[in-house]
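Taking it in order: structure first as structure tokens, then the write-up.
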Amino acid sequence: MITHHPSLLRLRAPLPAGLRHGTSHALLFTAAAYSPPPPPLRLLPLRVAAGGASPVGPDGGNRATPPPLGAAALDFARSNFLPLALIGGMTLGLLDPTLGCLAHKYSLSKYSTFGIFIISGLTLRTKELGAALQAWPAGLFGLGSILLFTPFLAQFLVQIQFFPREFITGLAMFCCMPTTLSSGVTLTQLAGGNSALALAMTVISNLLGIMFVPLSLAKYIGTGAGVSLPTKELFRSLVNTLLIPLILGKVARETSKGIAEFVDGNRQGFSVLSAVLLSLVPWIQVSRSRSLLLSVKPKAFAVIVTIGVLLHLALLAFNATTLQVLSCLKQKEESVFARKEYARAVILVASQKTLPVLVAVVEQLGGALGESGLLVIPCVAAHINQVRAGACGDWKAFALALHWMNRNFLRRRCCSNSSWGSTVLALC
């Protein structure tokens, strides 16, 4: 039996005049006769929530439930696949070096580097490069920072007395490398920077790096270490390992519309494949040098990782401060250096270094500057740090702190206008 709530027995229409003063029974009868039919019963959907909690809120709406632990872990793995792959490769090499040594015997690292640059050519979209022409002064500064200034820091790093010596030599070699092939552009897009400018600096610096890297290594590292580096052989190796696969991938993309559409539709898959190929490098190098790595004290690892972090901060400080000074030189109209999208692209791209090119160089040198595994390990840690810092936005907090330190000095020294464009503050 369905019983209606008393509140439903309300008079919905006026009663006839002759029945207004009737008995209570008549009143009830009349009320029941003149009241509209009750609204149909609505059944709210019942869902089972984790832990027995109802997902329906007090107002009838859906209550937000936290994602399952497995989904959160999967999302974290997707967002941090490259660092996890690099760390996983090193861990696997330390646990069991057998397979890594076998892969080195068949030169798997050379094929993996070739594959990385094939993928880079396939995913390289140059349609928007023309949009970066109007920002050519900012791009020219970025190229100068990548190819000239940061290699200059290598000569100061090699002066540091450190054991094992390969750790500091590896970081010095890292300074002589061009910018990253993919993460710089990706982080620029996430930060709201000009991706066309970031792409232009990435392509040009890596092409010019084939000529600049052998010269920088010979001048800043080979001389200090008392080693004569094979510059011509190194240049030829970079052409074969970097430039040729990059061109092959790019030609395949431009000549076949089907390939271009397939690559653009599966960019995440190609990014994962590139990360897997890159993780083979530390796996092989750590497997080869496992006995030496186990003899290194943990304190040495901590110190070299700290030096790598300081190196990245030094690059951020130089690029941000120089852009700020350059933005003050043009007072009549807004300088191209003061525009946020250009500044973000230059600072992120010019403050990173690529790991695959370093691996190709280490493979070609064949132990001329030390044990290959010990040379690569600090650079892997530095690469993880720069990717993590860019993805988490740590560079914004650093740029804001740098702005507060330099604001009064720059305002007195180079900017007389009170509305001067603070490039570093604009980054945040």
What donor-acceptor contacts under 3.5 angstrom involve side-chain atoms of residues 291-307, with partners at least two apart or in another chain?
from: Ser295; atom 1: OG; to: Leu292; atom 2: O; distance (Å): 2.5
from: Thr306; atom 1: OG1; to: Ala302; atom 2: O; distance (Å): 2.8

Quiz: residues 280-288 side-chain donor-acceptor pairs under 3.5 angstrom, not counting sequence neighbours:
from: Gln285; atom 1: NE2; to: Glu363; atom 2: OE2; distance (Å): 2.8
from: Ser287; atom 1: OG; to: Trp283; atom 2: O; distance (Å): 2.7
from: Arg288; atom 1: NE; to: His104; atom 2: NE2; distance (Å): 3.4

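Side-chain contact between Phe318 and Leu153: absent, with no pair of heavy atoms (C-beta onward) separated by less than 4.5 Å. Counting heavy atoms from C-beta outward, Pro151 and Phe212 have side chains that stay 4.5 Å or more apart. Between Glu166 and Leu369 there is no side-chain heavy-atom pair separated by less than 4.5 Å. Residues Arg165 and Val158 meet the side-chain proximity criterion, which asks for heavy atoms closer than 4.5 Å.
Within the model, atoms CD of Gln155 and CD1 of Ile221 stand 10.5 Å from one another, a figure rounded to the nearest 0.5 Å. Atoms CE and CG, on Met211 and Leu243 in that order, are 10.0 Å from each other to the nearest 0.5 Å. We find the CG-OG1 distance between Leu199 and Thr188 to be 10.0 Å, quoted to the nearest 0.5 Å. Remark: Ile119 CD1 to Ser274 OG distance equals 5.0 Å, nearest 0.5 Å. The structure places SG of Cys176 at 10.5 Å from CG of Leu147, a figure rounded to the nearest 0.5 Å. Between the CG atom in Leu375 and the CG atom in Leu358 there is a gap of 8.0 Å [rounded to 0.5 Å].
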* To do: Would you please test Gln352 and Thr180 for side-chain hydrogen bond (donor to acceptor under 3.5 Å, both in side chains) and show each step?
  => CA-CA 6 Å; Gln352 295 190 2; Thr180 52; 2.9 Å; yes

* Given side-chain contact (heavy atoms from CB on, under 4.5 Å), test Tyr342 with Arg339 step by step and report yes or no. => CA-CA 6 Å; Tyr342 295 150; Arg339 296 185 59 176; 3.8 Å; yes

* Residues Thr354, Thr179; criterion side-chain contact (heavy atoms from CB on, under 4.5 Å); working and verdict -> CA-CA 5 Å; Thr354 182; Thr179 188; over 6 Å; no

* To do: Would you check, one step at a time, whether the test ring pair (Phe, Tyr, Trp, His ring centres under 6.0 Å) holds for Phe163 with Phe167?
  => CA-CA 7 Å; Phe163 180 82; Phe167 276 7; 8.9 Å; no

* Does the pair Leu248 and Phe114 meet the rule for a side-chain contact (heavy atoms from CB on, under 4.5 Å), with working shown? -> CA-CA 11 Å; Leu248 290 177; Phe114 192 90; 4.3 Å; yes

* Could you please spell out the steps behind the side-chain contact (heavy atoms from CB on, under 4.5 Å) verdict for Phe149 and Asn319? => CA-CA 10 Å; Phe149 171 72; Asn319 293 315; 5.6 Å; no

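Judged by distance alone, the side chain of Asp75 and the main-chain N or O of Ala71 form no donor-acceptor pair under 3.5 Å. Side-chain atoms of Ser107 never come within 3.5 Å of backbone atoms of Lys110 as a donor-acceptor pair (strictly under, hydrogens ignored). Side-chain atoms of Ser205 come within 3.5 Å of backbone atoms of Thr202 as a donor-acceptor pair (strictly under, hydrogens ignored). Of the possible polar contacts, none joining the Ser145 side chain to the Phe141 backbone as a donor-acceptor pair under 3.5 Å is found. Put simply, the side chain of Ser112 gets close to the backbone of Ser109: a donor and an acceptor are under 3.5 Å apart. Judged by distance alone, the side chain of Arg290 and the main-chain N or O of Leu94 form a donor-acceptor pair under 3.5 Å. Put simply, the side chain of Ser271 never gets that close to the backbone of Arg267: no donor and acceptor are under 3.5 Å apart. Between the side chain of Asn385 and the backbone N or O of Ala381, no donor-acceptor pair lies under 3.5 Å.
Pro356 approaches Leu278 most closely through the heavy-atom pair CG-CD1, 3.7 Å. The shortest heavy-atom contact between Ala138 and Leu197 is CB-CD2, 4.3 Å. Here the closest non-hydrogen pair linking Lys353 and Phe174 is CG-O, 3.3 Å. Across all their heavy atoms, Ser279 and Leu86 have their closest contact at CA-CD2, 4.0 Å. Across every non-hydrogen atom of Ala252 and Thr255, the tightest pair is O-OG1, 3.5 Å. The shortest heavy-atom contact between Thr241 and Phe117 is O-CD1, 3.9 Å.
In this view, Tyr111 satisfies the ring-ring contact (aromatic ring centres under 6.0 Å, His included) rule with no residue, not counting sequence neighbours.
Using a cutoff of 4.0 Å between basic side-chain nitrogens and carboxylate oxygens, Asp264 and Arg253 are scored as salt-bridged.
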